[in-house]
K.L.:
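After the structure tokens below, expect a handful of questions from me.
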Amino acid sequence: MVYVLIGVGILVCALLAILTRRLLLSAAWLALTSALVALMTYLLGAPHIAVIELSVGAGLVTVLFVFAINIAGEDITPLKSLIPKPLAVGSIVLAGGLALFLILRAAGVLNLTPLTNLESAILWEERYLDLLLQIVLIFSGVLGVIGLLANGKHTPDVEEQS
Amino acid sequence: MTPILIALTIGIPWLGAIIVWLMGDRREDLTHWVSILFSIGAAITSVLLLPNASQETALTIPIGGDFGDFTFVADGLGIFLSVIAAVIGSLAVIFSKSYMKGEGSLGRYYAFVLFFIGAMVGLVLSSNLLLIFLFWEITALCSYALISFHNDDPKAVKGGIKALIITSIGGVGLMVGALIVYAYTGSYDINNFLANYSTIPGNILALLAFGFLIAAAAKSAQFPFQTWLPDAMEAPSPISALIHAATMVNAGVYLLARFYPAFKDVPYWSEAVMIVGALSALLAAVMALVSNDLKRVLAYSTVSQLGYMVYAIGTGSVYASQFHLFSHSIFKALLFLSAGAVIHSIGTRNMLEMGGVGKKHPLVKWVFIIGALALAGLPILNGFWSKELILESGLKNGPLWLYIVMVFVAGLTALYTIRCVWLVFFGEPRSDYHAHAIGWEMIAALLPLAGAALVSWLAAGRFSVLLGEKSLPFHAIEPLPYKEMMHEILSLPTLVVMAVITAAILLWVFRKKLEGLINGLKSIRWAAENSFGFEAINNAIVKVTQSTAEALRVTQTGILNWNVFGILASVILLLAILVLGA
Amino acid sequence: MTSNFLFSSLLLLPFLAAPIVYMLGRSTARNGNVLGISLTRALTVFFLLVEGCLLYLVVKQALSSGGTYLLIGDEPLVFDGIGLILACVVLFLGLMVTLFSIDYMSNEKGEEKFYALLLATIGSIIGLGMSYDLFNLWLWFEAMAISTYLLVAFYNDEPPSLEAGVKYLVQSAVGSALVMFGIAMMFSQTGSTTLTDLWQMTSSEAPLAKIAGVLLIVGFGVKTALVPLHTWLPDAHSQAPSGISAMLSGVVIEAGLVAMLRAISMFGKVDFNWGAILIGFGCLNILVGNLMALRQTQVKRLLAYSSLAHVGYMLLGFGFGMAFGRFEGAAGGFFHLLTHSMMKGLAFLAAGSLLFTLHLSKQEHVPLTLDDLNGASRKYPVAAFALGLAVLGLGGIPPMAGFMSKWQVLVAGVKAENTLMLIVVIFAALNSILSLGYYAPLVNRMYRHEPSTAVEQGNKMPGLMIIPLVILSIAIVVIGIWPSSVQFLTEQAGLSLLYTFFY
Amino acid sequence: MNLPIPLVVLITILCLAGIGLYCLLITRNLIKVVIALQLIVKGAVLAFILAGNMTGQLNLAQSMALTVIVADTIVAVVGLALAVQIRLKTGSLDIKSLSSLKR
């Protein structure tokens with residue numbers, strides 16, 4: 001039941017995030033979505049990810065959005081979408097429906113492992129290579145941001161944040 | 001010895017091509033001479049190959065994988081065609097020295113001519129189908145590059161691309177055939193295939209046979225692919241003589257001749273070959289009759305004569321077709337080169353603007369007449385013998401109505417030939433052209449060809465031995481000494497043909513009195529001037545493709561949302577396949 | 001131990017080199033130190049050469065002692081045929097692009113970032129070819145994507161360039177999200193992400209595996225430019241600096257393809273015809289790519305669309321391999337991957353050299369149009385010849401390499417001995433001819449006598465730019481007349497790919 | 001109403017991804033595009049945790065989810081930087097004004 005509530009909460013926040021006209025509000029709703037997702041991951045037995053999602057997803061990313069919106073400004077003029085909305089809704093529903101149907105047909109009833117052994121495991125257990133690669137990602141990302149913003153008038157400290 | 005000679009005959013012109021390309025236009029005279037040197041070198045080595053003809057594989061270069069062994073066989077058929085390519089090639093190069101004097105991009109011109117000669121020699125000497133296809137495409141590339149040599153002229157560019165695309169479409173037939181041969185016999189080797197063709201399932205063999213027929217029809221400009229050859233006449237005249245009359249267009253006939261034993265039992269194949277040949281011969285002859293462009297007349301007549309060769313293969317007489325190919329190469333090269341000399345001198349290709357050229361250039365007039373008479377099939381020139389052989393075979397082995405068509409075409413040939421000679425060389429000048437002098441290189445190239453057109457038929461006996469004993473292991477070709485040939489030819493049917501030809505000539509002589517009849521055939525004239533609608537079909541295909549392409553460009557909206565929609569759409573598509581399929 | 005050392009240094013070197021190159025360039029560029037920036041360039045070339053030597057040593061090691069396996073944590077890295085061919089291709093082309101870019105990029109701001117990110121891209125593609133863990137594969141893939149974002153949007157003063165960057169980023173990100181869902185799905189089934197585990201644990205009746213497979217195909221397919229997903233490609237390829245266009249078209253989309261093949265290869269036991277899907281996309285790609293290219297007026301855009309068609313040929317080869325067990329098909333697909341990377345690389349570099357001399361060196365940021373090419377051969381014989389050679393090779397004209405690789409792909413189709421495949425082969429061959437409809441006029445233009453105004457006013461071409469053009473031209477012709485010279489690469493790769501399907 | 005927990009999470013994931021994709025389809029604002037991408041990635045994170053939970057490999061799942069978060073934060077940062085730069089150069093964040101490359 002709790003899951004249903006959180007799930008509905010996530011979806012409502014997400015919908016609000018994409019439907020709100022003001023970008024800053026959008027970012028705020030995104031942060032709330034992120035927090036609820038963190039809560040769900042916590043309930044699913046992943047406390048570390050919950051913490052990180054909360055700090056990165058709800059914290060850092062929101063800060064970045066606020067920075068970016070500050071520079072780029074709020075374009076709140078309502079714009080008619082370029083794709084007919086019924087087509088968009090229809091195809092999304094179709095894709096989601098097909099996926100759900102296939103998954104349920106394939107997996108039958110989904111089972112959870114009882115969440116008993118919640119050991120405080122070390123992250124990156126046996127996945128050092130991924131860790132190393134993340135450094136590469138960050139390096140490339142930082143270079144990318146520096147390169148993109150090289151001549152900008154306002155060079156905010158976006159790159160330091162990441 | 002043979003392997004070295006083969007390598008040299010292909011390698012010398014290719015080396016020459018690279019050298020000439022690198023030399024570019026810096027020193028014009030040197031470029032001419034270097035090209036002449038290399039082309040003559042190739043001609044000499046190819047002639048040296050003649051005594052070495054044998055059916056054995058002479059040269060094997062193992063490539064491995066799915067490319068098989070690159071094998072070369074210097075058999076009689078291959079050597080004979082390579083001699084034609086190299087010798088006429090060298091004559092065309094010599095002719096070019098005068099014809100191309102002062103033109104830009106000489107390096108490119110000669111490089112492609114030499115590249116072509118090497119590729120043509122490779123095409124006929126190779127016995128690996130992949131290699132044949134490779135050379136086949138290279139000859140198409142060279143032909144394209146040379147047709148659009150004057151590429152500031154949109155007509156030349158268009159003609160070149162048309163030739164490239166139509167011959168490549170035919171190439172698909174050859175490619176699929178080669179792939180089938182490899183997939184079902186495990187090797188690209190021709191002789192291996194001819195020995196084991198019966199192991200291939202019947203329907204696949206039929207596909208193979210008709211694939212090769214399409215390839216041959218496209219390369220040899222036969223019905224329904226004949227439209228590219230007239231447009232290829234934008235090329236400089238020596239190129240028309242070499243590539244579009246004497247050598248490359250023969251590749252299709254060569255292909256059919258090579259594979260005849262495997263395909264002769266395929267249902268309807270022989271009939272299809274005969275009909276393709278006869279239709280090409282007939283339609284092209286009618287078009288030649290109404291065209292006023294000197295080179296186009298010769299191009300139509302090439303299509304028509306190639307039709308005879310294809311028809312001959314359909315009737316089962318590979319020897320007759322190859323013998324006619326031999327004669328045709330000589331007299332058609334002669335005609336094209338002398339036409340080139342005339343065009344170079346006068347500066348127009350329109351026969352209605354010529355007239356009386358014979359007074360200015362008597363020598364050219366006489367060699368052209370020799371070629372024209374050979375084309376018309378008058379005794380005792382080489383065209384007479386070979387055409388009669390084909391008609392004999394057609395009477396014996398083909399349906400009578402096709403024979404009648406071919407005899408009728410023989411009459412038409414005489415008619416358009418005499419019309420052409422008359423319009424160009426006789427009468428009074430119909431425009432005030434200025435006749436420039438003709439260089440000695442042109443004469444030097446014309447005279448040997450004229451001589452050969454007179455006497456090459458004497459080699460018939462030797463030629464039959466070359467084809468019969470020293471090549472084509474799966475063909476039944478009996479040696480045919482020329483006395484026997486004379487005996488065979490000088491019979492009643494020949495008199496019929498001669499009567500038709502005479503009637504055609506009389507028709508021309510009394511053309512003024514027969515105006516009523518000619519007017520009655522106006523609709524045919526109109527159809528022929530519009531190439532019987534084939535040009536329209538070509539244009540329609542091009543137009544449909546281009547407008548489809550243009551319409552499709554709308555899908556690249558440049559709008560991010562639609563781009564993402566593409567991703568979503570393919571997910572839906574694949575998921576739907578999963579739902580429906582499983 | 002030494003084999004592990006060699007192997008890991010092969011993977012690590014580019015990433016160690018990238019910061020070094022960046023730091024060096026950064027510290028010297030501010031003062032306008034010419035020596036420093038030339039040192040940066042030289043260092044990049046040096047690192048690539050060292051990487052090539054390492055690759056050679058690893059191959060030698062692998063042949064002698066079988067050190068083809070490296071376990072970092074529990075993530076395996078495997079040095080097999082696929083990894084080898086991808087590494088060879090990316091190193092060779094990367095070196096050519098670096099040599100080419102020395103003059104091309106010399107006037108640009110942020111040159112050091114260019115080289116650093118180029119090194120990072122090369123490194124991630126090498127790693128991608130060897131990764132044998134699904135999640136790890138995705139991460140290499142993501143690293144490759146992130147390093148190329150800036151390279152695509154390198155001219156950050158030009159709105160079109162930024163636009164191309166945004167499209168590339170968003171579409172890649174959506175694709176990569178789909179890949180993540182696919183991975184999560186497989187993970188939920190087997191509790192592991194190594195390819196061997198996944199392969200062993202999926203049975204023929206694994207419906208969830210099919211959905212995951214579809215998501216992975218579409219996700220990686222975005223980078224591979226399968227047809228409805230291709231819309232980023234013409235924009236990115238035409239807006240990036242030419243060296244990067246060559247990299248994108250020559251290896252990045254192929255790397256996406258390799259990632260896709262790796263991912264599908266673990267579904268070898270699943271009872272689903274993956275090959276048929278690839279063949280379907282292949283046909284679509286060939287047709288749409290050729291038709292879209294037919295009416296283009298910008299050279300780089302035309303080449304970009306032709307990449308679509310060539311991905312189609314590779315897909316056909318792999319499809320024949322997977323659907324019919326035709327080993328030739330898989331080998332042919334890899335062969336075409338190799339030749340296409342060289343030919344398209346050469347085409348983009350040659351077009352880029354003309355773009356540079358005609359426009360960029362005069363500080364004009366305008367696209368190179370077909371009309372600009374008129375008469376280019378007079379003034380720039382080498383670039384014109386190289387471009388002509390490359391596009392005719394792409395059109396499948398012998399004796400260039402493209403002929404042989406297309407041939408091998410089509411051999412597999414006919415060997416399948418299936419009527420439908422025969423039709424596919426004929427279709428592909430006819431499309432090859434359609435492609436001549438835009439390649440041939442392009443070549444023709446360059447050999448006209450009347451030069452365009454752009455050519456008349458063009459600058460002199462820097463000598464260093466010509467070197468990669470010459471090397472690539474020679475390579476294309478040599479492979480074209482001696483196709484077995486690269487057979488050891490393609491056959492190993494083909495074997496590695498089909499292993500999970502048929503053994 | 002007693003839905004099994006994994007089903008609830010699964011539906012949440014699908015809807016989250018769907019909402020994100022929907023936003024990508026209809027929005028014309030570049031920053032909104034980045035927000036939509038973030039939403040989809042949140043779905044992916046949840047998917048990894050759910051998968052880890054179902055197979056009892058939570059630690060593995062956590063490390064992977066963390067990697068996903070890091071990678072996509074970087075993508076978001078680069079995306080935002082691009083958006084900012086576009087805003088500075090063209091004065092607009094509208095996707096429609098950003099379609100000079102077409103056909």
Side-chain angles (χ1 to χ4, degrees), chain B residues 141 144 148 151-166 168-169 172 535-582, chain D residues 7 10-44 46-47 68 71-72 75-103:
Chain B
L141 173 70
Y144 153 73
S148 42
N151 50 15
D152 289 294
D153 177 4
K155 250 171 90 189
V157 174
K158 218 177 142 207
I161 289 173
K162 189 174 181 185
L164 180 66
I165 288 192
I166 291 185
S168 300
I169 287 175
V172 173
E535 211 53 62
I537 294 173
N538 279 355
N539 293 340
I541 292 172
V542 171
K543 200 151 184 221
V544 166
T545 314
Q546 291 198 334
S547 49
T548 316
E550 197 60 51
L552 199 65
R553 289 180 72 188
V554 178
T555 59
Q556 184 77 10
T557 53
I559 288 169
L560 187 56
N561 304 123
W562 281 112
N563 293 1
V564 175
F565 185 76
I567 300 179
L568 188 64
S570 32
V571 172
I572 292 175
L573 178 75
L574 288 183
L575 287 180
I577 289 176
L578 278 187
V579 171
L580 298 176
Chain D
L7 189 61
L10 177 67
I11 291 172
T12 314
I13 294 168
L14 276 177
C15 290
L16 208 48
I19 290 171
L21 269 174
Y22 174 71
C23 182
L24 281 180
L25 289 184
I26 58 152
T27 190
R28 281 172 63 175
N29 187 306
L30 277 180
I31 291 184
K32 269 273 178 70
V33 165
V34 183
I35 290 177
L37 287 179
Q38 280 291 306
L39 284 176
I40 299 178
V41 171
K42 302 234 178 298
L46 266 180
V68 169
D72 275 274
V75 172
V77 170
V78 177
L80 282 176
L82 263 173
V84 165
Q85 193 67 7
I86 284 169
R87 176 66 221 261
L88 294 178
K89 294 294 177 229
T90 68
S92 161
L93 282 173
D94 187 2
I95 284 178
K96 197 177 181 192
S97 70
L98 202 67
S99 58
S100 65
L101 302 169
K102 58 171 84 170
R103 296 164 91 74

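We use all heavy atoms of the structure for the numbers below, so side chains are in, but hydrogens, waters and symmetry mates are not.
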K.L.:
Please report the closest heavy-atom contact between D:Lys102 and B:Gln556, naming both atoms and the distance.
P.N.:
CB-O, 3.3 Å

K.L.:
Chain B heavy atoms under 4.5 Å from D:Ile95: which part of the residue, side chain, backbone, both or neither?
P.N.:
side chain

K.L.:
For the CD1 atom of B:Ile567 and the CG atom of D:Leu25, what is their distance to the nearest 0.5 Å?
P.N.:
9.5 Å

K.L.:
Taking all non-hydrogen atoms of both residues into account, name the closest pair between B:Val564 and D:Leu21 and its distance.
P.N.:
CG1-CD2, 4.0 Å

K.L.:
Taking all non-hydrogen atoms of both residues, which atom of D:Ser99 and which atom of B:Ile559 are closest, and how far apart?
P.N.:
CB-CG1, 3.9 Å

K.L.:
Relative to chain D, which segment of B:Leu568 carries a heavy atom at a distance below 4.5 Å: side chain, backbone, both, or neither?
P.N.:
side chain

K.L.:
How long is the span from the CG atom in D:Leu101 to the OG1 atom in B:Thr557, to the nearest 0.5 Å?
P.N.:
11.0 Å

